[in-house]
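On a predicted model such as this, the values are computed, not experimentally measured, just so you know.
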Amino acid sequence: MYFSGTFIPTLRETPAEAESISHILMLRAGYVRQLASGLYIYLPLAWRVMNRINKIIREEMDAIGAQEISMPGLHPADIWQKTGRWSDIGDEMFRLKDRGGRDMCLGMTHEEIITWLASMELRSYRQLPQTWYQMQAKFRDEARPKSGILRTREFIMKDSYSFDKDEDGLKESYRKHAEAYHRIFQRCGLKFHQVQSDPGMMGGATAHEFMAPSPAGEDTIVLCKCGYSANTELALSVPPPQKLKGDEKDRALEDIATPDKRTVTEVSGFLKADPSCFIKSLLLIGKDGPFLALVRGDQELHEKKLTEITGEFRAAQKDEVKTILGVAAGFIGPYNNTLKKIADISLKDGTYISGANKEGFHTRGIKPGVHFQAEWHDIHVAREGDTCSTCGAEIMLEKAIEIGNIFQLGTKYSLPLKAVYLDENGKENPVIMGSYGIGPARIAASAIEQNNDKDGIIWPQSIAPFDVEIIPLDAESEIVELTGTIYKGLIDEKLDVLIDDRDERPGVKFKDADLIGIPYQIVIGKKGLKEGVVELKSRRTKETEKIAPSEVVKKVIGFFQSRIVGT
RNA sequence: CGGGGCGUAGCGCAGCCCGGUAGCGCGCCUGCUUUGGGAGCAGGAUGCCGGAGGUUCGAAUCCUCUCGCCCCGACCA
């Protein structure tokens, strides 16, 4: 393939709208162009990358017996109404009407559609299990598209769905997917972690996400050397012990005046006690009335965790605090009142200061369990410095990009859509489902985020748009002929090769080659040929090897012998 | 949806405060010279200054409205 015949509009300068590294590099290196917020055009180089990623995904999905199909992107509303998601999902769903006035939507995902298909076609346990997948556009009217192709309003997703006759079957399908995902991301050359995740709107009990560590990531994951790994949206952790000064531990219960000091920071400064010696008391209104959520002064309340325990709640308003507790927010505490209390586990031991439920006063010497009773749960946000709730070692936190997820759905969709089968005894049962997604564009973006330098992209071998770029520096016949010979030698070995045949100065070609990030460059110039060599450069290490023209093809082929692992 | 920023040539930006001929760099076109890390010289093309309305003799510049894009947060199958 010739550079001159391939549309690769590189940019010398960084477009103003780009922020994240992958976004900047994809624009500068001529991979993508933006149509509108969250809508991107994939130019030839990017499309080649996507095709390579998709090929890897297909191979691994096929290897676990998944069958590729294709479903429409445009859906009738009634199926979504049956599962309740037509109303559960808000503005994020693109909705429209057809000419007959029927409600339609653009598919955000395909559980409804595939379950409809299953309900029409699956009859007998003899047909199970089934796994069907597709590569299809998904449409989500994101509140805030961002970071180039990382979060867009239309994107391709590989989504697969498993149908089993029982929970054991589901677990097996789930395990197979997890293993296939490991192989896919490994082959794509990514660093990644499998972490526990919140099933959220998908329903079901068990879910994992595959996360590619990157500062550009929108999620934070908790990792421990013991193998515990979870998204911070549900990660458990043990905060470090409270920092008590010598005399505070056995202090007797006592009210102290703290005029106008309301926040933990203010009172902590005023009383010269560490924030970890305070109990932060939050008055919340749940569906069964008001209750107190208690976290240590140096901790943050994790609202999602609390919601799991109590159901939906909201913060009490200022006047409600007054009505319910008879004191202004800022002086409320767990001691001396009868409200239901949910307390974080970090408060179980120790001696604390908290609001006295008396205007202008705090109480110190509070011993949880002695001076108040509560339901104990992990309701704090895990963070750096905490230890693992499983093994006690210190946990690590990392920003990461969600590149894939797997869900055990159970019967959330098969029940409302009546996807049932007859078992060996002629008894009707709902099909047990799983759903599994991968975002190929996010794989590409993550690969760039994890593999770049000041000069541009460094593609993992497996997903680079080309394997080798040949850079002839002159148009004289000897060089042109040698270029052709080497090119043929490489493509005969099924390598994808780009020849920079443009009438550009060497510097321009070198800069562009580094920018677009093809793993190997073969430079053919007069200077080298005088010594009887061409130059073979690794984009990643920048090392250049002078090598006889007759040897270079063999050498390069050697780099691609094991195409299993990238980098 | 809340907060902030930005829309001027293909790209990056200046000009706006203080109204008076729309500029710079890169890119693009032509010619000559050059040719191993984004060449030099000479010449050239390119703008509904995001849009609409208003104030004014006169608006890129002031006012109002509007559309778009980016960032932070909220949200996120």
Query - Output field: ring centroids A:His23/A:Tyr40 closer than 6.0 Å - result: yes
Query - Spacing of the P atoms in B:G44 and B:U35 (rounded, Å) - result: 27 Å
Query - Whole-Å gap separating P (B:C72) and CD (A:Glu19) - result: 6 Å
Requested in this report: Step by step, work out the salt bridge (Lys or Arg N to Asp or Glu O under 4.0 Å) result for A:Glu545 and A:Lys555.
Outcome: CA-CA 11 Å; A:Glu545 183 184 353; A:Lys555 179 92 185 179; 3.5 Å; yes
Report task. For B:C70, take OP1 and OP2 only and decide whether either is under 4.0 Å from a side-chain N or O of A:Gln34. Result -> yes
Report summary line: Residues at least two apart in sequence or cross-chain that pass ring-ring contact (aromatic ring centres under 6.0 Å, His included) with A:Tyr2, listed by chain then number, are none
Report task. For A:Thr83, report the nucleic acid contact type (base, sugar-phosphate, nothing); a contact means any heavy atom under 4.0 Å. Result -> nothing
Query raised in the report: When the ring planes of A:Tyr31 and A:Trp459 are compared, do they come out parallel, tilted or perpendicular, using 30° and 60° as the limits?
Result: tilted
Query raised in the report: With both distances under 3.5 Å as the test, what is the Watson-Crick or G-U wobble partner of B:C16?
Result: none
Query raised in the report: Is B:A9 paired to anything, Watson-Crick or G-U wobble with both distances less than 3.5 Å, and if yes, which nucleotide?
Result: none
Query - Distance, rounded to the nearest Å, where A:Leu150 contributes CG and B:C71 contributes P - result: 11 Å
Report task. Answer yes or no: is there an ion pair linking A:Arg383 with A:Glu300, defined by an N-O contact shorter than 4.0 Å? Result -> no
Report task. Return the value, rounded to whole Å, for the distance between atom CG of A:Leu27 and atom P of B:C70. Result -> 11 Å
Query raised in the report: For atom C1', what is the distance between B:U55 and B:G19, given to the nearest Å?
Result: 11 Å
Using atom types as modelled, flag every donor-acceptor pair under 3.5 Å from a side chain in residues 529-537 of chain A to any protein atom, sequence neighbours excluded.
unit_1: A:Lys537; atom_1: NZ; unit_2: A:Asp514; atom_2: OD1; d: 3.1
unit_1: A:Lys537; atom_1: NZ; unit_2: A:Asp514; atom_2: OD2; d: 3.4

Report task. Using the P atom on both, measure B:C6 against B:A22 and round to a whole Å. Result -> 24 Å
Query raised in the report: Got a sec, which residues hit ring-ring contact (aromatic ring centres under 6.0 Å, His included) with A:Trp132, two or more places apart in sequence or on another chain?
Result: A:Phe163
Requested in this report: State which of B:A77, B:C69, B:C13 makes the closest approach to the side chain of A:Asn405.
Outcome: B:A77
Query - Between B:G10 (C1') and A:Phe7 (CZ): distance, integer Å - result: 11 Å
Report task. For B:A74, give its Watson-Crick or G-U wobble partner with both distances under 3.5 Å, or none. Result -> none
Query raised in the report: Who are the side-chain contact (heavy atoms from CB on, under 4.5 Å) partners of A:Glu233, not counting sequence neighbours?
Result: A:Ser197, A:Asp198, A:Glu209, A:Asn231, A:Lys304
Query raised in the report: By a strict heavy-atom criterion of less than 4.0 Å, which residues belonging to residues 135-146 of chain A are in contact with RNA chain B?
Result: A:Arg140, A:Ala143, A:Arg144, A:Pro145, A:Lys146
Report task. For B:C28 versus B:C67, give the span between their C1' atoms, rounded off to a whole number of Å. Result -> 30 Å
Report task. List the protein contact pattern of nucleotides 29-40 of chain B with one symbol per nucleotide (5' to 3'): B for base contact, S for sugar-phosphate-only contact, - for none; contact means a heavy-atom distance under 4.0 Å. Result -> -----BSBBBB-
Query - A:Thr109 side chain, from C-beta outward: closest of B:C13, B:C69, B:A77 - result: B:A77
Report task. Mind checking A:Ala18 for me? I need base, sugar-phosphate or nothing, with any heavy atom below 4.0 Å counting as a touch. Result -> nothing
Requested in this report: To the nearest Å, give me how far apart NE2 (A:His208) and C1' (B:A77) are.
Outcome: 18 Å
**Report entry** Residue-level proximity of residues 297-305 of chain A to RNA chain B when a heavy atom falls under 4.0 Å
**Finding:** none
Query raised in the report: Does A:Gln81 have any side-chain contact (heavy atoms from CB on, under 4.5 Å) partners at least two apart in sequence or in another chain, and if so, which?
Result: A:Ala77, A:Asp78, A:Trp86
Report task. Determine the Euclidean distance between corresponding C1' atoms of B:U46 and B:U34; express it in Å to zero decimal places. Result -> 27 Å
Query - Pairing partner of B:C32 (Watson-Crick or G-U wobble, both distances under 3.5 Å) - result: B:G40
Report task. Considering only atom P, compute the distance from B:C48 to B:G12 and round it to an integer number of Å. Result -> 16 Å
Report task. Identify whether the distance between the nearest side-chain nitrogen and carboxylate oxygen of A:Glu308 and A:Lys305 falls below 4.0 Å. Result -> no
**Report entry** Spacing of the C1' atoms in B:C17 and B:C57 (rounded, Å)
**Finding:** 23 Å
Report task. For A:Ile285, check side-chain contact (heavy atoms from CB on, under 4.5 Å) against everything at least two apart and list the hits. Result -> A:Pro290, A:Arg314, A:Ala316, A:Glu320, A:Ile324
**Report entry** Residue list, ring-ring contact (aromatic ring centres under 6.0 Å, His included) with A:Phe185, at least two apart or on another chain
**Finding:** A:Tyr181, A:Phe192, A:Phe210
Query - Salt bridge A:Asp219-A:Lys399, side-chain N to carboxylate O under 4.0 Å - result: no
Report task. Please give the nucleotide sitting opposite B:U61 as a Watson-Crick or G-U wobble pair, both distances under 3.5 Å, or none. Result -> none
**Report entry** Mate of B:U56 where both pairing distances stay under 3.5 Å, Watson-Crick or G-U
**Finding:** none
Query raised in the report: On a plain distance test, is the side chain of A:Glu13 in donor-acceptor contact with the base of B:G25 below 3.5 Å?
Result: yes
Requested in this report: Provide the distance between the two P atoms, one in B:C16 and one in B:G23, to the nearest whole Å.
Outcome: 15 Å
Query - Check against salt bridge (Lys or Arg N to Asp or Glu O under 4.0 Å), A:Glu111 and A:Arg85 - result: CA-CA 11 Å; A:Glu111 279 80 16; A:Arg85 290 163 112 193; 3.4 Å; yes
Report summary line: Residue set satisfying side-chain contact (heavy atoms from CB on, under 4.5 Å) with A:Asp474, at least two apart, ordered chain then number -> A:Glu476, A:Ile479, A:Lys526
Query raised in the report: Phosphate oxygens OP1/OP2 of B:A77: is one of them under 4.0 Å from a side-chain N or O of A:Ser435?
Result: no
Report summary line: Quick tally for nucleotides 46-51 of chain B: nucleotides whose base has a protein heavy atom under 4.0 Å get B, sugar-phosphate-only ones S, the rest -, giving ------
Report task. Indicate yes or no for a side-chain donor-acceptor contact from A:Tyr161 to the backbone of A:His110 under 3.5 Å, with no hydrogens or angles considered. Result -> yes
